[in-house]
2 protein chains.
Amino acid sequence: MEAVIEKPVIKQDRNLCITHILPIRDALDILSGKWKIPIIVALCVHKRRFKELHRDVQGITAKMLSKELKELEMNKLVKRTVHDTSPVTVEYSITEYGHSLTPVINELRDWGMKHRDKIIYHPEEV
Amino acid sequence: MEAVIEKPVIKQDRNLCITHILPIRDALDILSGKWKIPIIVALCVHKRRFKELHRDVQGITAKMLSKELKELEMNKLVKRTVHDTSPVTVEYSITEYGHSLTPVINELRDWGMKHRDKIIYHPEEV
DNA sequence: GATACTGGTTTACGTTTGTATACTAGTATA
DNA sequence: TATACTAGTATACAAACGTAAACCAGTATC
């Protein structure tokens, strides 16, 4: 971002651009989609059972929740614990690695709040 | 996140959870998907013409680039300028509002870099 | 005249995402 | 016995997302 050059040095810019994008693609591969970040946020507030989570993450279907939780578990962001009660209860919680996303989520929430204010108070500009 | 309560107060947690998620959903409505953030990052490095951008954002098709640029322009994150040259050249640049995403993008890139290191040096843990 | 550049659009297609409904089994309640 | 809770899975389907390839006009180059 700091490399503002008067004459466009296309090839240098392109390499800079690609190296800037790569780690973001790595992050997005894991986080992108409609539901993963909302699920992580819900679990940051409190560990949850499947049906509780289903109610917290409004609008998601059981099928999608199940699928997204599997992917998050595979990437070690979420932990699945089965309790030998009857009927069986399954508890999902955020891992330490999952907590490392806190700064990303906080920035996203800050921006989302500012954006919502902008839409509400200056809709003509957006 | 700071509200850790010993006995789970489910309903309070649920409300906390939902208010935490809402602004994130607002942000994701605009940013989610595979390409929007990579396009914004590319334009943060330097304003670009369509074909240049097409080369910078590796893997995207012209159709998707066209569609994503329209949406970003609608949300005032990107500006489209037509220059009366021959043949016509079209330049895309980031707006001031688009620049307000810089903290989000930086956190995402930091996390992506750490995640890539983790995968490369400790693949068994992920 | 043929080719390639410009910024896209069109067509046809496959994949992913998402929805609604029904269903499983084991336990508790009415 | 009937119902409802638990945590999901199975099925069928629609919509969104994404891809490859061809195509447009207007200009410049070979």
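Quick caveat, the model's predicted, so the values are computed rather than measured. Chain letters run A, B, ... following the sequence lines, proteins first, then strands; residues in each count from 1.
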Worksheet item: What one-letter contact string describes nucleotides 4-9 of chain C from 5' to 3', where B marks a base within less than 4.0 Å of any protein heavy atom, S marks contact via sugar-phosphate atoms alone, and - marks no contact?
Response: --BBBS

Worksheet item: Okay, side chain of A:Ser93, backbone of A:Lys47: is any donor-acceptor separation there less than 3.5 Å?
Response: no

Worksheet item: Under a 3.5 Å cutoff on both atom distances, Watson-Crick or G-U, what's the dot-bracket for DNA chain D ([ ] crossing, | other strand)?
Response: |||||.||||||||||||||||||.|||||

Item to complete: Write down the distance separating the P atoms in D:dA21 and D:dA25, rounded off to the nearest Å.
Response: 23 Å

Worksheet item: How long is the line joining CE of B:Met64 and P of C:dG14, in whole Å?
Response: 19 Å

Fill in: Distance-only side-chain donor-acceptor flag, A:Tyr92 / A:Arg48, under 3.5 Å
no

Fill in: ILVMFWY network linking A:Ile37 to A:Met113, side-chain heavy atoms under 4.5 angstrom
no

Discussion item. Can you list everything that forms a side chain to side chain contact (heavy atoms under 4.5 Å, CB included) with B:Glu71? Sequence neighbours excluded, please.
Written reply: B:Lys36, B:Lys67, B:Glu68

Discussion item. Between B:Arg49 and B:Glu52 (salt bridge meaning N to carboxylate O under 4.0 Å), is one present in this structure?
Written reply: yes

Listed pairs under 3.5 Å, donor-acceptor, residues 23-33 of chain B side chains, sequence neighbours left out:
from	atom 1	to	atom 2	distance (Å)
B:Arg25	NH1	A:Gln58	O	3.4
B:Asp26	OD1	A:Arg116	NH2	3.4
B:Asp26	OD2	A:Arg116	NE	2.6
B:Asp26	OD2	A:Arg116	NH2	3.2

Discussion item. Going by ring pair (Phe, Tyr, Trp, His ring centres under 6.0 Å), name the residues that satisfy it together with B:Trp111, two or more places apart in sequence or in a different chain.
Written reply: A:Tyr97, B:His115

Item to complete: Would you mind reading off the distance between A:Lys34 atom NZ and C:dT16 atom C1', rounded to a whole angstrom?
Response: 13 Å

Item to complete: May I ask you to decide if B:Val45's main-chain N or O and A:His20's side chain share a donor-acceptor pair within less than 3.5 Å?
Response: no

Worksheet item: How many angstroms lie between CD1 in B:Ile94 and NE2 in B:His46, if you round to the nearest 0.5 Å?
Response: 13.5 Å

Item to complete: Ignoring backbone atoms, test whether A:Trp35 places a side-chain nitrogen or oxygen under 4.0 Å from the OP1 or OP2 oxygen of C:dG18.
Response: yes

Item to complete: Report the C-alpha separation of B:Ile60 and B:Trp35 in whole Å, then their side-chain angles, then the decisive distance to 0.1 Å, and conclude whether the side chain to side chain contact (heavy atoms under 4.5 Å, CB included) test is met.
Response: CA-CA 8 Å; B:Ile60 198 170; B:Trp35 301 114; 3.6 Å; yes

Fill in: Where chain A begins and ends its contact with DNA chain D, read 5' to 3' at 4.0 Å from heavy atoms
D:dT6 to D:dA12

